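Below: one structure, written as structure tokens.
Along the sequence shown, residues carry numbers from 1. All of these numbers come straight from a predicted model, not from anything done at the bench.
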Amino acid sequence: MKRYYLSDGTTDLDALVDDGADLDGEFRATCMDSGETLTVRGWMLTTAEELPL
């Protein structure tokens, strides 16, 4: 798992993402705030910055 800051310019997300996830496609992410598993559409992101665990 890798930790990412993800943003579409409107909504920001601090999330855990599987190592092999295609960040340009659709992928699952676990929200660090709520623990909820989300489906993210990577092509809609403006920012995907890897953060330290």
Side-chain angles (χ1 to χ4, degrees):
M1 291 290 234
K2 293 182 180 178
R3 184 177 178 188
Y4 283 93
Y5 164 74
L6 305 170
S7 179
D8 67 358
T10 303
T11 304
D12 301 328
L13 180 63
D14 182 3
L16 291 176
V17 178
D18 285 334
D19 290 337
D22 176 9
L23 299 182
D24 290 326
E26 194 169 275
F27 60 92
R28 292 236 185 244
T30 303
C31 177
M32 293 292 287
D33 294 324
S34 69
E36 184 177 358
T37 300
L38 308 166
T39 300
V40 178
R41 292 177 178 93
W43 61 87
M44 298 183 76
L45 297 174
T46 57
T47 304
E49 180 181 331
E50 189 173 348
L51 301 173
L53 285 172

**Request:** Given side chain to side chain contact (heavy atoms under 4.5 Å, CB included), test Tyr5 with Asp12 step by step and report yes or no.
**Result:** CA-CA 7 Å; Tyr5 164 74; Asp12 301 328; 3.0 Å; yes
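Asp14 pairs by the salt bridge (charged side-chain N to carboxylate O under 4.0 Å, His left out) definition with Arg3, not counting sequence neighbours.
Taking every heavy atom of both residues into account, Cys31 and Leu13 meet most closely at SG-CD1, 3.8 Å.
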Side chains of residues 39-53: which donor-acceptor partners sit under 3.5 Å, not counting sequence neighbours?
residue: Thr39; atom: OG1; partner: Arg28; partner atom: NH1; Å: 3.1
residue: Arg41; atom: NE; partner: Glu26; partner atom: OE1; Å: 3.4
residue: Thr46; atom: OG1; partner: Ser7; partner atom: O; Å: 3.2
residue: Thr46; atom: OG1; partner: Gly9; partner atom: N; Å: 3.4

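The main-chain N or O of Thr11 is found under 3.5 Å from a side-chain atom of Asp8 such that the two form a donor-acceptor pair.
By the criterion of side-chain heavy atoms lying less than 4.5 angstrom apart, applied directly or through intervening Ile, Leu, Val, Met, Phe, Trp or Tyr residues, Tyr4 is grouped together with Phe27 in one hydrophobic cluster. Leu38 and Met1 fall into different hydrophobic clusters, where Ile, Leu, Val, Met, Phe, Trp and Tyr residues are linked whenever their side-chain heavy atoms come under 4.5 Å apart, directly or through other members.
The line from CG of Asp22 to CG of Asp24 is 5.5 Å long, rounded to the nearest 0.5 Å.
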